[in-house]
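Here's the structure, in structure tokens; my notes come after.
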Amino acid sequence: MAQHLRAPLENAGGTLDWIDLRDHDLPLCDGAAVYARPDVHGLARRVRDADALILALPIYNYDGNAAAKNFIELTGKAWLGKTVSFVCSAGGRGSFMSVMPLANSLMLDFRCLVVPRFVYADDHDFPDGRMAPAVGQRLIDLAHETTRIAAALKAAPVGT
């Protein structure tokens with residue numbers, strides 16, 4: 001699903017910075033020494049430089065996956081005030097609200113503005129291994145809503 005976001009985000013006119021956690025051998029957050037690592041600094045800078053972030057993550061056992069949560073912990077304060085959206089995949093329909101603890105944490109800990117639209121899809125949304133057109137449209141809508149909100153916040157930052 002994340003790959004399907006590329007075109008609508010690029011068409012929105014901004015610069016797309018793509019971070020695939022599979023491409024990074026990130027340490028587990030220990031709350032101390034890992035913050036000094038150059039790769040952690042580099043990822044934190046990329047998050048800090050972003051106007052908005054769309055987290056595409058799988059849901060495991062009714063929760064966002066550990067790799068995404070570790071990434072947020074490692075990059076911490078770089079998330080301050082960011083616009084954040086979610087794209088979630090899961091094995092079943094029952095965990096559609098599983099991303100909310102992560103969203104609440106981003107809102108409360110880092111004052112992120114979480115876009116009140118997210119895309120959640122499960123196995124039923126991929127008949128014959130192909131993504132259903134309705135999911136594709138929801139991804140396009142999410143991309144537009146995320147860029148629209150991020151642009152509005154950039155144009156009128158808090159305190160103006």
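All values below were derived from every heavy atom in this structure, side-chain atoms included, with hydrogens, water molecules and symmetry-related copies excluded. Along the sequence shown, the residues carry numbers beginning at 1.
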Solution key, residues 100-110 side-chain donor-acceptor pairs under 3.5 Å, sequence neighbours excluded:
{"from": "N104", "atom 1": "ND2", "to": "M100", "atom 2": "O", "distance (Å)": "3.4"}
{"from": "S105", "atom 1": "OG", "to": "D109", "atom 2": "OD2", "distance (Å)": "2.9"}

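- Other members of a hydrophobic cluster containing Y60 are absent, since no ILVMFWY side chain comes under 4.5 Å of it, directly or through relayed contacts.
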Would L139 and M131 count as a side-chain contact (heavy atoms from CB on, under 4.5 Å) if you check the C-alpha gap in whole Å, the side-chain angles of each, and the deciding distance to 0.1 Å? CA-CA 11 Å; L139 290 167; M131 188 171 67; 3.8 Å; yes

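- We find the CG-CZ distance between L16 and R6 to be 6.0 Å, quoted to the nearest 0.5 Å.
- Atom CG of D30 is surrounded by more than 12 heavy atoms from other residues, nucleotides or ligands within 6.0 Å.
- Note: the hydrophobic cluster containing I59 does not contain L5 (ILVMFWY, side chain heavy atoms under 4.5 Å, direct or indirect links).
- Criterion: ILVMFWY side-chain heavy atoms under 4.5 Å apart, direct or through other members. Under it, V84 and L142 are not part of a common hydrophobic cluster.
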Show me the donor-acceptor pairs, under 3.5 Å and distance only, between side chains in residues 113-126 and residues at least two apart or in other chains.
{"from": "Y120", "atom 1": "OH", "to": "G92", "atom 2": "O", "distance (Å)": "2.4"}
{"from": "Y120", "atom 1": "OH", "to": "S95", "atom 2": "OG", "distance (Å)": "2.8"}
{"from": "D122", "atom 1": "OD1", "to": "H124", "atom 2": "N", "distance (Å)": "2.8"}
{"from": "D122", "atom 1": "OD1", "to": "H124", "atom 2": "ND1", "distance (Å)": "3.3"}
{"from": "D122", "atom 1": "OD2", "to": "R93", "atom 2": "N", "distance (Å)": "3.0"}
{"from": "D125", "atom 1": "OD2", "to": "D122", "atom 2": "N", "distance (Å)": "2.9"}

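- With a 6.0 Å radius and a threshold of 12 heavy atoms from other residues, nucleotides or ligands, F96 has its CZ atom at or below the threshold.
- Taking N11 as the reference, nothing meets the side chain to side chain donor-acceptor pair (under 3.5 Å) condition, with sequence neighbours excluded.
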Show me the side-chain donor-acceptor pairs of residues 66-78 shorter than 3.5 Å, one per line, residues at least two apart or across chains.
{"from": "K69", "atom 1": "NZ", "to": "D63", "atom 2": "OD2", "distance (Å)": "2.9"}
{"from": "N70", "atom 1": "OD1", "to": "C29", "atom 2": "N", "distance (Å)": "2.8"}
{"from": "N70", "atom 1": "ND2", "to": "P27", "atom 2": "O", "distance (Å)": "2.9"}
{"from": "T75", "atom 1": "OG1", "to": "F71", "atom 2": "O", "distance (Å)": "2.7"}
{"from": "T75", "atom 1": "OG1", "to": "W79", "atom 2": "NE1", "distance (Å)": "2.7"}

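- Under the 4.5 Å side-chain criterion, counting only non-hydrogen atoms from C-beta, S89 is in contact with M1.
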Which pairs of donor and acceptor atoms, one on a side chain in residues 42-52, lie under 3.5 Å apart (sequence neighbours left out)?
{"from": "R46", "atom 1": "NE", "to": "D17", "atom 2": "OD1", "distance (Å)": "3.2"}
{"from": "R46", "atom 1": "NE", "to": "D17", "atom 2": "OD2", "distance (Å)": "3.0"}
{"from": "R46", "atom 1": "NH2", "to": "D17", "atom 2": "OD1", "distance (Å)": "2.6"}
{"from": "R46", "atom 1": "NH2", "to": "W18", "atom 2": "O", "distance (Å)": "3.0"}
{"from": "D51", "atom 1": "OD2", "to": "K154", "atom 2": "NZ", "distance (Å)": "3.4"}

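- Listed for the D128 side chain is no donor-acceptor partner under 3.5 Å among the backbone atoms of R130.
- Taking each heavy atom of G64 and L57 in turn, the nearest pair found is CA-CD1, 3.5 Å.
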